[in-house]
Each structure stands twice: as structure tokens, then as C-alpha cells.
Amino acid sequence: MAIAEWRKQLELGEVSARELVDQKLSRIAEVENSLHAFLVVTADRARAEADRIDEARAAGEVLPPLAGIPLAIKDNLCTKGVKTTCSSRMLKNFVPPYESTVTERLWKSGAVLLGKTNLDEFAMGSSTETSAFGATSNPWNLKMVPGGSSGGSAAAVASGECLASLGSDTGGSIRQPASFCGVVGLKPTYGRVSRWGLVAFASSLDQVGPFANTVADAAEVLQVIAGADHRDSTCLEAPVPNYIEALSQPVTGLRIGLIKECFDQQGLSSAVKDSVMNAASHLQKLGIELVEVSCPRFNDGIATYYVIAPSEASANLARYDGVKYGYRSEDKDSLLSMTARSRAEGFGSEVQRRILIGTYALSAGYVDAYYKKAQQVRTLIRRDFDNAFQKVDLLLTPTSPSTAFASGAHLNDPLSMYISDLLTIPANLAGLPAISLPCGFDEKGLPIGVQLIANVLDESRLLQVSHQYEQTAKVMSRRPSAELIP
Amino acid sequence: MSKITSDDVRKVANLSRLDLHEEQIDTYASQLEKILDYIDHLEKVDTTNVIPTTRAVEVINVIRDDQVEYTNVREELIDLAPDREGDFYKVPKIISD
């Protein structure tokens with residue numbers, strides 16, 4: 001059931017906030033053993049908060065839009081007094097003394113924290129398998145990965161453990177797991193949403209966004225978290241439009257570009273291709289014109305990303321020194337050896353690998369060949385998008401070349417894991433808003449996602465077309481429930 | 001471009017303050033080699049006179065009033081340290097004998 005319907009029922013007194021929270025907590029208790037979407041469930045806090053909301057309602061108070069709506073938060077967003085681990089041994093016991101801007105805005109809007117969700121360590125990965133605290137399973141098939149890095153947040157929404165959740169997306173970490181788990185995942189424009197309190201990975205790419213069952217629910221969450229924040233100077237001052245009103249605006253006459261280079265991929269599965277083409281034909285029936293466009297440098301996105309993201313990560317993760325907070329090794333020989341041992345013991349191998357790549361790319365003699373070159377190709381990728389948006393309103397691609405892969409399939413071959421983010425990375429490099437929507441199932445019954453990309457700050461258009469696709473195509477008639485119940 | 005040797009990884013690990021075991025260094029060397037091989041595809045892209053992009057969406061000169069905000073979380077921040085003595089962070093010796 002959508003957030004708007006729950007709100008109506010809460011307002012009419014047909015259900016209390018406490019009952020809704022208890023319902024979600026019992027769903028969590030039912031499925032978490034097999035799923036492991038959550039690192040921590042904040043049951044007492046959620047019940048107390050729900051009771052407070054029910055009392056306020058009984059006292060006749062006017063309540064904010066998300067009052068009583070239970071949400072889950074990716075564990076790289078700081079929550080005051082609640083452990084924030086980034087799924088890393090390095091931050092295993094880190095309890096932030098402050099609240100991130102996005103979560104602060106959600107709590108002010110009445111939303112209730114159910115718990116913190118699992119992720120690839122420091123959001124580095126595409127399968128949630130690099131978590132230091134164990135992997136998360138895909139609710140549609142427990143042998144499959146949920147995608148990553150925000151796999152816990154995606155799985156929690158898909159399995160009905162929460163009504164919506166937050167993730168972060170540096171190269172596809174919201175959209176790819178949304179696609180693998182059959183939910184809606186939105187990465188807003190770079191700077192649309194504050195990153196204050198988001199543990200930094202790659203600062204020129206990171207963005208926070210929602211997972212939800214429906215596009216309207218994603219719009220509800222975005223409405224609350226978007227907008228300027230004086231604590232994040234990269235956060236844009238542009239006014240926040242009414243995303244919910246935008247959903248029902250007419251789509252007739254809009255133009256959508258199919259990026260040619262995305263459909264020519266060798267690794268693109270035929271089930272994904274067929275399903276995404278069906279989604280495109282459906283949009284045509286809604287009165288949208290389809291155009292083929294070319295973004296010649298699109299496929300250079302991965303190589304570009306795997307210079308820029310690790311370079312920025314190597315700088316951002318330099319702060320973990322075993323002195324101010326986080327893990328400290330037992331090594332007591334010297335400050336230097338203590339720091340180097342702490343980082344060797346505290347970081348997992350994917351994080352170490354990226355620190356090494358980044359440090360290499362930024363080291364003397366290589367910075368022009370790698371970092372500067374990648375930033376130049378980034379300009380060319382942006383230019384391709386600029387040219388495309390001269391002709392069309394939105395762009396369409398598959399979200400991922402495949403459906404969810406089996407656990408362990410790419411673990412020993414980092415490069416093959418990286419390549420699975422081929423179709424989502426370019427939107428991060430160009431700062432563009434993009435969404436993944438469920439558009440069908442493959443022969444194994446695993447969900448398929450279609451990606452729509454809009455121009456800078458055009459989230460309204462993205463949500464509007466997505467909503468009308470969802471409401472008329474009605475592909476999500478199934479839920480992943482049967483297999484999960486023990 | 002260049003082949004990645006275990007010595008390269010040792011050097012970069014030192015710069016990164018990562019005290020790795022020998023077998024880790026060898027594994028990372030072969031993995032980094034494959035990854036950098038892939039990244040080397042960028043060499044073929046003509047970027048003559050192309051201005052590098054440092055951020056996706058340009059933000060210029062963000063200014064605000066210099067208003068004092070009283071947070072006072074000093075005690076909470078110092079208390080996050082793995083080891084402290086009074087108001088100081090405590091670390092192993094910095095200067096060697």
C-alpha cells in the first residue's frame with residue numbers, strides 16, 4: 001500500500017502509527033533470518049516515536065506529511081545516537097554525535113526510523129557482499145545478490161519490511177539494487193539533496209536518494225529531503241518544485257531518446273533487452289515519441305569512473321587513522337605503524353583495493369595520465385548528454401545489463417563486478433538525475449529495471465513519466481513473499 | 001601503460017598507510033594490473049583541448065552570513081577516540097628513539 005493511502009488510514013484512525021510500526025517490526029522478525037537487510041533494528045525507538053505521534057494526533061495536533069511512516073536508512077548516513085558503521089570493521093562501534101541533514105528532515109516530517117540497512121563496505125561494491133557484517137539476500141531468490149551498494153535498503157522495501165528507505169548512489173548504488181529487487185530507486189541531480197552526514201566516498205559523484213514501492217512514494221520522500229543546506233556547500237540553492245503535483249502532468253508529446261550504445265552491449269541479456277524495449281513501446285502508447293540518440297563516449301564511463309571514484313575515495317578515507325574515532329589496532333610501536341595496521345585490519349579488501357588504485361592514479365608521474373585524462377573524458381561524456389538533451393526530454397536505457405546474479409559470482413574478479421555498473425555510471429559522471437523502475441521479469445522470475453535519465457534538476461519530468469508508466473503498465477503484480485516465510 | 005609489480009603496490013600501500021602482508025601485495029598486484037589495463041582504454045580517447053570536469057554540476061562562490069552556531073559537542077567528539085587522556089587524543093610515540 002502506498003504512503004498516501006497509509007497517511008489517509010492514519011488520519012482516519014483506521015490504523016495507528018503504533019500498529020503500523022508493529023506490523024513492520026513483525027515482518028522484519030519474520031524475514032530477517034533469511035534476508036539480513038538490516039544491520040540494526042531500532043524497535044524501541046520506533047515504538048516510542050509511533051506512540052508519540054499517536055498521542056499528538058489524539059490531542060488534535062496537525063501532523064507533518066510523513067507522520068508515522070516507518071522508514072529504513074542506509075548505514076552510511078549518520079544517525080545521532082544510533083551506530084553508523086558503513087558495514088566496515090573500521091566504524092563497527094561508531095555512534096555519530098550528530099544527525100545527517102536528510103534524516104533530520106525525515107524525522108521532522110514525522111517519519112519513524114525502523115533501523116539501519118546493510119551495504120557494501122563504505123558503499124564500494126555492486127552486490128552488498130563486501131559488507132564486513134555478512135551479505136544480504138535478494139528477496140526474490142535468496143541465492144541471488146540484492147545488488148549494491150545499497151542492497152539492504154532495496155531488499156527491505158521489496159520484502160515489505162519498511163514503506164520506503166534511503167540509499168546513496170555514487171555509480172549506480174541506488175538504481176542497480178532497485179532493479180535487482182524490483183522496486184523504484186531514484187538518484188537525484190548532483191547537489192539536489194544535501195550530503196551533510198553522508199559518510200563520504202567519492203565527493204564529486206555521491207548523492208542520496210529514495211527507494212520505494214511506487215514512484216509517488218519516491219516523490220514523497222524526495223519532497224522532504226531535497227533542497228539547499230548551508231552545511232553542504234555543494235547542495236544547490238534552486239527552489240524545490242512540488243514533485244507530487246508533477247506526477248499527473250500530461251506526458252503526450254514528450255520525446256524520449258534510446259541511447260544506441262546501451263542496446264549494442266555484448267553483455268546485455270536478451271530478457272533485459274526485450275523487457276526494456278517493451279517498456280519503451282508502452283511509453284509510445286502514452287503519446288511519447290521515441291528517438292534513437294547516440295552518446296559515443298557512454299561506454300567509457302566505467303574506465304573514467306574507476307579512476308575518479310577511487311582517487312576521491314583514497315583522499316576521503318585518509319581520515320581513518322585510528323586516532324580520532326574508529327578502529328585502532330593493538331600495534332603500539334609508533335603512530336605511523338599503528339595507523340597503517342589499523343587501516344590494514346579495519347578496511348576490507350575491496351576498500352583497500354580502491355584506496356590503492358586511487359593512490360596510484362594520484363601519485364607522482366601518473367596524475368596526468370590517469371586523473372586528468374579521466375576528468376577530460378568525463379567532460380566528453382557530459383557533452384554527449386548535453387547534445388542528446390537538445391533533442392529529447394529524457395533518455396532511456398536498461399538499468400543493468402543483467403538481472404540479479406548469484407552470490408559469489410563476481411567476488412574473485414573485481415573487474416567483472418565493476419563492469420556490471422556500465423549503464424548507471426554515466427549519469428553520476430554528468431550529475432544527472434536518473435531513476436530505475438521495474439519493467440518486467442526474466443525467465444527465472446527475477447525483476448528487470450528500466451532506467452530513465454533526465455537533464456539537471458528535471459526530477460519532475462522524470463517522476464511524471466515514471467509514474468504514468470507505472471500506473472498504466474502495471475508490471476509489479478507479484479510480490480516476493482512466499483519464499484521468505486520460514 | 002606500465003605493468004604493476006609487487007614493488008609498485010608496496011610503494012602505493014606505504015603512501016596509503018596500509019600495512020599489507022606479502023600475499024595480499026601479490027594478489028592486489030595482479031588485480032590492479034587487470035583493472036589498470038581496462039582503464040588504459042581511455043588512452044585511445046582524443047582529449048586534445050578538452051577542459052577537465054572536476055564536478056558534475058558547477059556551483060560558484062557559495063556565500064552565507066557568518067553566523068555563530070553553538071554546537072559544543074567537544075566532549076562527545078573527543079570521547080569517540082580509541083584512546084584519550086583528559087582533553088587530549090592519546091597515540092603511540094610519534095618521534096622514534
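The structure displayed is predicted, hence computed values, not measured ones. Lettering follows sequence order; numbering is per chain, from 1.
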Would you give the length of the straight line joining atom CD of A:Q352 to atom OG1 of B:T27, rounded to the nearest 0.5 angstrom? 11.0 Å
Give, for atom CD1 of A:I357 and atom CD1 of B:I35, the distance between the pair rounded to the nearest 0.5 Å. 4.0 Å
Tightest non-hydrogen contact, residues B:P82 and A:G326, listed as CG-O, 3.4 Å
Residue part contacting chain A, namely of B:V62, when any heavy atom lies under 4.5 Å: side chain
Heavy-atom nearest pair, B:L18 first then A:A344, reads CD2-N, 4.0 Å
Test item: B:R17 side-chain N/O and A:A340 main-chain N/O as donor-acceptor pair under 3.5 Å: no
Heavy-atom cut-off 4.5 Å, strictly under: side chain, backbone, both or neither for B:K11 against chain A? neither
On a heavy-atom basis, which atom in B:Y89 and which in A:V323 lie closest, and how many Å separate them? CD2-O, 3.8 Å
To the closest 0.5 Å, what do you measure between CD (B:Q31) and CG (A:D413)? 8.5 Å
Passes side chain to side chain donor-acceptor pair (under 3.5 Å), A:H230 versus B:E69? Steps please. CA-CA 12 Å; A:H230 71 276; B:E69 272 183 58; 2.9 Å; yes
So with a 6.0 Å cut-off around CD of A:E237, is the heavy-atom count from everything else above 12? no
Region of A:I419 in contact with chain B, defined by heavy-atom distances below 4.5 Å: side chain
Side chain, backbone, both or neither: which part of B:L77 has a non-hydrogen atom closer than 4.5 Å to chain A? both
Does A:D333 pair with B:K93 as a salt bridge, N-O distance under 4.0 Å? no
Closest non-hydrogen atom pair, A:N428 against B:A56: O-CB, 4.1 Å
Any side-chain heavy atom of A:T234 sitting closer than 4.5 Å to one from B:V57? no
I'd like to check B:I94 versus A:S334 (side-chain heavy atoms, cut-off strictly below 4.5 Å). Are they in contact? no
Would you mind checking which part of A:L236 comes under 4.5 Å of any heavy atom in chain B, side chain (CB onward), backbone (N, CA, C, O), both or neither? side chain
How long is the gap from CD on B:E33 to CG on A:L415, to the nearest 0.5 Å? 12.0 Å
Interface moiety of B:Y38 toward chain A, non-hydrogen atoms closer than 4.5 Å: both
Assert top hit (heavy-atom pairs under 4.5 Å, partner chain B, pool A:V307, A:N93, A:D321, A:L457) equals A:V307
Proximal component of B:D46, with respect to chain A [non-hydrogen, under 4.5 Å]: backbone
Part of A:Y98 within contact of chain B (heavy atom distance under 4.5 Å): neither
B:T54 versus chain A, the contacting section by heavy-atom distance below 4.5 Å: both
Donor-acceptor contact below 3.5 Å, side chain A:R297 vs main chain B:V45: no
Within the side chain of A:Q376, is there an N or O that forms a donor-acceptor pair under 3.5 Å with the backbone of B:V50? yes
Calculate, to the nearest 0.5 Å, the distance between atoms CG and OG belonging to B:L15 and A:S314 respectively. 10.0 Å
Hey, what do you get for CG (B:N49) to OG1 (A:T379), rounding to the nearest 0.5 Å? 12.0 Å
Does B:L36 reach the side chain of A:Y360, with side-chain heavy atoms less than 4.5 Å apart? yes
The residue among A:R378, A:Q375, A:K373 that forms side-chain hydrogen bond (donor to acceptor under 3.5 Å, both in side chains) with B:T47 is A:K373
If I measure from the heavy atoms of chain A, does B:I51 come under 4.5 Å with its side chain, its backbone, both, or neither? backbone
How about A:N412: does its CG atom have over 12 heavy atoms from other parts shown lying under 6.0 Å from it? no
Counting only non-hydrogen atoms closer than 4.5 Å, does A:S329 touch chain B with its backbone (N, CA, C, O), its side chain (CB onward), both, or neither? neither
Which heavy atom of B:I39 sits nearest a heavy atom of A:Y306, and at what distance? CD1-O, 3.4 Å
Side chain, backbone, both or neither: which part of A:F347 has a non-hydrogen atom closer than 4.5 Å to chain B? side chain
Considering only heavy atoms from C-beta outward, does the side chain of A:R382 approach that of B:T53 to under 4.5 Å? yes
Counting only N and O atoms by type, is there a donor-acceptor contact under 3.5 Å from the side chain of A:R341 to the main-chain atoms of B:D19? yes
Looking at every non-hydrogen atom in both residues, tell me the closest pair between B:S16 and A:I355 and how far apart they are. CB-CG2, 3.6 Å
So do B:E76 and A:V95 actually touch side chain to side chain, heavy atoms under 4.5 Å? no
So which of A:A374, A:P96, A:G431, A:S349 has the largest heavy-atom pair count under 4.5 angstrom toward chain B? A:S349
